[in-house]
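The sequence lines fix the lettering, A, B, ..., with proteins before strands; numbering per chain opens at 1. Keep in mind that what you see is a predicted model, and the values were worked out from it rather than measured.
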Protein chains: 2
Amino acid sequence: MSLPALLRLLGLLAVGILLLAHTSEALPQPKAAWVRGARSRLAKNSKWHSKRWTNGSACVETSPPDFSAPKENVWSGLTNWEAASVTQWLFGQADLNLTKSEDAGEWDNSLLLVELMLPNKTDVLSYVDGAAAAPARYAHVVLDLRATENPTYTDIIVGPLPVVNGTTCWEPLEYPYTRKTQGSIRNLDADSDSLYTEYIFKVTATIADITMDLWGGTALGMDNDTLDVWGLDPVWQYDNKLTRWDTFWNYPTDVFDSETLLPLGLYFKSDVTGRDPSKWKLEGWLYNDIFYKTTAEFRKAYWGGNFTKLGANVDGDWARTDQNGPTLPMDTATPPRAVAPSGARYSVDHARKYVEWMDFSFYMGFTRDAGLALYDIRYKGQRIIYELSLQEALAHYAGNDPVQSGTSYLDTYYGFGPYAFELVPGYDCPAYATFVNTSFFVSETTHTHLNSVCLFEFDADYPIQAHTSASYTAKTKNIYFTVRSVATVGNYDYMFSYEFYLDGSIKVQVRASGYIQSAYYANNKDYGYQIHDFLSGSMHDHVLNFKADLDILGTDNTMELTTNVPVTESYVWSDHPRNTMKLKRSFIESEDKGKILYTGNGRTQYRVVNTAQPNKFGEYRGYRILPSDGTIHLTVENSSNLVNAANWAKYDLMVTKQKDTEPRSAHPYNGQDVANPVVDFDKFFDGESLTQEDLVVWFNLGMHHVPHTGDLPNTVFTTAHSGVEFMPINYFDGDVSRQTVNMVRIDYKDGNVSHVKTFGQNEATCSVDLSKEDFDMYSYKGDVVIRKFPYDPADPYYETDAIV
Amino acid sequence: MSLPALLRLLGLLAVGILLLAHTSEALPQPKAAWVRGARSRLAKNSKWHSKRWTNGSACVETSPPDFSAPKENVWSGLTNWEAASVTQWLFGQADLNLTKSEDAGEWDNSLLLVELMLPNKTDVLSYVDGAAAAPARYAHVVLDLRATENPTYTDIIVGPLPVVNGTTCWEPLEYPYTRKTQGSIRNLDADSDSLYTEYIFKVTATIADITMDLWGGTALGMDNDTLDVWGLDPVWQYDNKLTRWDTFWNYPTDVFDSETLLPLGLYFKSDVTGRDPSKWKLEGWLYNDIFYKTTAEFRKAYWGGNFTKLGANVDGDWARTDQNGPTLPMDTATPPRAVAPSGARYSVDHARKYVEWMDFSFYMGFTRDAGLALYDIRYKGQRIIYELSLQEALAHYAGNDPVQSGTSYLDTYYGFGPYAFELVPGYDCPAYATFVNTSFFVSETTHTHLNSVCLFEFDADYPIQAHTSASYTAKTKNIYFTVRSVATVGNYDYMFSYEFYLDGSIKVQVRASGYIQSAYYANNKDYGYQIHDFLSGSMHDHVLNFKADLDILGTDNTMELTTNVPVTESYVWSDHPRNTMKLKRSFIESEDKGKILYTGNGRTQYRVVNTAQPNKFGEYRGYRILPSDGTIHLTVENSSNLVNAANWAKYDLMVTKQKDTEPRSAHPYNGQDVANPVVDFDKFFDGESLTQEDLVVWFNLGMHHVPHTGDLPNTVFTTAHSGVEFMPINYFDGDVSRQTVNMVRIDYKDGNVSHVKTFGQNEATCSVDLSKEDFDMYSYKGDVVIRKFPYDPADPYYETDAIV
């Protein structure tokens, strides 16, 4: 078969994926082996509890039998056809005046997003908890309205679905936002192409002799440019104008994304107010902390003979992640690895994106803005968390230069969905994991990340329970289940792991790797360490906001705090007052007290309880939110960059009353008007009672990152991590991990074992062929794209886009 | 072979272990298979880098070749013969008037401990770093001097070794202690046998009718007792007398150690001043928060007709760790597990207890008091940490009853060494781990815990590095190395893990499982949750103090703090003052500032640096101490129980100048005189300069533990954890994990992979036979004992002792 023919065949097969990724109906499982991801090579076996191997024979790994989620997944996205039909319908609406993205210029209106409008919780509960029909489906659409002097990003809602001409309509989407401007916010990016062609390259041309002299290169928009130019984010918005600072970077000289390690230290300021590039104006140059008001002044100084020229950051092996340095002792021998002798011990409804593992169950959702989200997380049939989802990730930099100082990335602007790339089995997740596809809509196409969410069980390197005496030892394996996705938003790789444990606890963990965004070293001593020749590890805070909509035995919940407090106390039995401690219990009674900074010394437990349904001992059943892995909030107070755009970053834990009008703490276009963003989180706090109400907990993870030499070439996941645990507290009558059979008790005395209890666990006596376990690295694909307008499901193609 | 003959044979083999455990010379490896622990079944192979398998064939796991540590291990303990000869010599010293432990009564002097006197750091450095001879060896001996009205525990030093009659001498050991009383402290336990026979059982007999009525049992010191009696710790020491409170507990009815879950709620107070039991006196009874001054008063109330009788906590499945409840879905299929296809990729000198893994190396020590310790931890040949060791573990309870309120266990009193039990492969550590024996001295015998320290490599469930773009993905495996021991100090099981990572970081982690010590529920609402019928989960703080004697490029070190601080700052390039942040750098200049509470929001980095040896960019090379896993200090202020006995518990991080006279922050007999303990940690702080001095960092791990129903029957390791990381910061020029070959780079475009780089890693294509991996649970042994006086190495026997 010729290569083009083969590609076409693969293309046809890819349709299967897309149907799978977008359907909310129970379609037949696609037949193509690679569609289901790395696990599809496994045999199916519906007899789960059979001991299927004999001594020494090959382990038989099986995928779980096909099974169906109890309900439709109302969060999993539009079907392929829904997205196509909404797109088509929108192009038919003359009042929208849409131009296809590939044809659209800066003065055309275009379509940025067609996605499922996430249903209101109050509409969903009667469906997932009762017999009601699923809520009506709508599409959430984002329009890029640029055919105007005042361009906007505009959120609208289209529906109900399916599209029926004459019935279907659109209206501005305003209700989930605190800003009440009919779903519209100004678009500061409308002229982003002109910015370069009509402005930046003209500016940089005026000093091409200087860039050539300093760094041996130019930034002119030409193919042979060795310099890149870009700057702060968001644009400065004050004094009734828009101000940019841009700077020069060396391009990498190899495949590696090292550009953010190659700043060059020359900055220029521009007034870019309005849509007329001819009115944009240069307002000065900065080099080595000296500000020059005009290009002439800068040129004069530069060529004047007394100018101090500093060095350039140049690409090299120091900036590349490939193996480097002497081979470590014994490192060429195969290291330990995890294997799954009996395959998956969980069930996945691939069509509905629903998972069950050891009495836990949940649905998965996926959005352009924030990527993976989990819904209706239940344990033993009872919902614990309605929604557990990333809301926004802030990377707030500081520095003595205006670009670093002015950078406060709000990453949903770029989106986590578009950059949740294909995972590498054996590296990102165990080779035996189950991989799931995810999709997002862009430019009238749907992109599907193959194998971009992994699901796996793992045996921790420590047990969950241990006790030993002189007569027995009892140990229980700590088998846990993980759902993971990794999103690379430009330079940074965020790994999101949701872990489920046998004791009923759930851990949310974020780890960061990838390239730092660094700063030019000059005069930056107060803002980071010098980490390479002319490089500063620009200090920044990562703050990632999550929503945890807990439902403890229903939606009538209360946040209880219990704090260990030192006391001096007298007792009927004590001769003297005693210095000891007590447990102080209190409640967060209203939103006025709903913004929480963690107490020092970890003295306070934060627990969502249902006070109306105490356990038989009168204690409130609940789940505790335990910051377990170094959590932070934002260092900067009243950030000049952010104003009101990320008010969720100021605290550790925030509690609000659940409202359908407050579904998210952030919006991807908050940076377009930082003083009056689409969602100003502070406005959620309007004094409402939090006593036995439906509560939402917003919590932050993150790291104060002051990069050091060990961040070169990449930050490492080992030390850049943050996490919280949701742990049951007085929720069950005892430790539920006692249900597992993967425990042992050995009774012994005087060197003899009298009894070994293994509780029915299955001891593997088979052999695992590791060669079969390994992922074929040549099967890595990236993203599959399918056109939506015109809808062309039969002609998919491969294309992966990244920011850097 | 008959069973006795087999046991004798095993006994002879055990001699090998003991020689191994105690020798500091390079002896031949013992031949018996089980002596080396679970890994001894492995073939040896000195050709490490050979690719030794072919497609589909069985994986060949090999132990590393025999190899020798570069130096003797000067911390690993006395040789078997040294311990025996010191013991014999001591019994020859008439002035000590020693009686063999098994013959000793309460008015005899006996020998509690014969152990290596850990050498002074200043004496060791010239040996481990240079060509000097190893320091002279001495024995540290603890005497129990009870043949007096004023009994003492007395620390002495005996040496130099080997013992030569006429040359060897003993002297009081005082220099490492802040208390200057010739190594002696009063012994409050001298009459612990009489306490029961001459006092407690007489008291409990006076109310046997009541205990029978309330709980259907008695505590009379008889075989058919169903009740146990014990109380607070340490004994109250004020008003010039000694006061005890004791309480009743139901005995467990099965093998499980559930007694600490079975309190009964009746307490009695006793004045136990002096050594004459006839003068000890009952001072009252407490039940349901009512205090009765005399037994008569209590009896009158009890039988008076209006007495409120509360229920009893009774043993049952709720208190047992065996499998309980419905089997979880698919749980009888074998779960995932880790395997080591090519065996150990590290080297262990079993005789010298020395380990090398991927450019890390360290020696292991083991003491009665604190169990496992690591010494001379080097990375790439350069020492990072001279000593990393547990110092003490405090469990400080509180409650409305005097026993809980009065309990502040200082666990080295019991010792971690004696209770660091045999580990279970596949549960405590991966089945493929290397296991090492440890030993301690007690009652003129040496006990060896078989397989009580494990060493293993593990592939984390996440990579150490990740970055993906539209044209490549690069991932690096996170293979780390762990050293672990588990000590069960009575009810509680502490798991200590020291983890080494490819980026040069080291993590210290403590997890807690086992049984909680609970309280009777009555009137304890302010001190914990009610967790069972009549049970309160008695609130307590676990605080574990560790010593980290860092040496960064030598011993001239400084503690630098860098803190992220919010600032409002003007710049030459800014129109307005900007709200941003800065990095504030400062030093801990003297011990006056050496007691540190972690700043809120994790804003401060604590780093040990060498300011005299900056890197080429002028930054100080160092290691950061990163509290990563929920660390705490003690809630209680000026504890009535502790007074000065645990002053290290009051802060998070403490820095002192290293002195040979301040080797430990605690002493096992600090509780014998809490006002004037053997080591008062506060006295270490005498204003000395900490600028470019040899620094010791004392840090606390722990948990505020407010047990809830999920702690029944055992606390789980998943949520009870605490840890710090030591991470290199500007220590190397880049991330050293780039040295590993276990990484991959995949270059791809448009669905095609153009290139896969694997850097020489060995892809396993063999099969792992899991049946061979499994540990034979029937081979669990417990401890081997060998008599030292008279020395009888040919007649070892098995006996394991525990506290509960």
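In the model, B/T635 has no side-chain atom that pairs as donor or acceptor with a side-chain atom of A/R603 under 3.5 Å. A donor atom on one side chain and an acceptor atom on the other are found under 3.5 Å apart for A/Y529 and B/T562. A donor-acceptor pair shorter than 3.5 Å can be found between the side chains of B/N601 and A/H633. A/N579 and B/S639 share no donor-acceptor pair across their side chains, judged by distance under 3.5 Å alone. A/N730 and B/H708 form no side-chain donor-acceptor contact under 3.5 Å, judged by distance and modelled atom types alone. Donor-acceptor pairing under 3.5 Å is recorded for the side chains of B/Y238 and A/D575. Judged purely by distance below 3.5 Å, without hydrogens or angles, the side chains of A/N714 and B/H467 never pair a donor atom with an acceptor atom. With hydrogens and angles left out, the side-chain atoms of B/N742 and A/D331 include a donor and acceptor closer than 3.5 Å.
Only the backbone of A/P728 comes within less than 4.5 Å of a heavy atom of chain B; no side-chain atom from C-beta onward does. Heavy atoms closer than 4.5 Å to chain B are found in the side chain of A/D503, but not in its backbone. Contacts of B/R745 with chain A are made by side-chain atoms alone, with heavy-atom separations under 4.5 Å and no backbone atom involved. For chain B, the nearby parts of A/D541 are the backbone and the side chain; heavy atoms of each come within less than 4.5 Å. A/W573 touches chain B through backbone and side chain together, each having a heavy atom under 4.5 Å away. The part of B/T473 that comes within reach of chain A is its side chain, from C-beta onward, which places non-hydrogen atoms under 4.5 angstrom from that chain. For B/E457, the parts lying near chain A are the backbone and the side chain together; criterion is any non-hydrogen pair under 4.5 Å. When heavy atoms are compared at a cutoff of 4.5 Å, A/Y780 approaches chain B by way of both its backbone and its side chain.
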Go through the steps to decide whether A/D459 and B/R337 satisfy the test salt bridge (Lys or Arg N to Asp or Glu O under 4.0 Å), and finish with yes or no.
CA-CA 5 Å; A/D459 185 2; B/R337 61 189 295 178; over 6 Å; no

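Between B/F458 and A/F458, the two ring planes are perpendicular [angle over 60°; tilted spans 30° to 60°]. The aromatic rings of B/F617 and A/H532 lie tilted to each other, with the angle between the two planes from 30° to 60°. Aromatic ring orientation, B/Y571 versus A/Y527: tilted (interplanar angle from 30° to 60°).
With sequence neighbours excluded, no residue satisfies ring pair (Phe, Tyr, Trp, His ring centres under 6.0 Å) with A/Y778. In this structure B/R511 satisfies the salt bridge (charged side-chain N to carboxylate O under 4.0 Å, His left out) test with no other residue, sequence neighbours excluded.
Checked against B/V339 for a side-chain contact (heavy atoms from CB on, under 4.5 Å), the options A/V768, A/V339, A/T334 give a single hit: A/V339.
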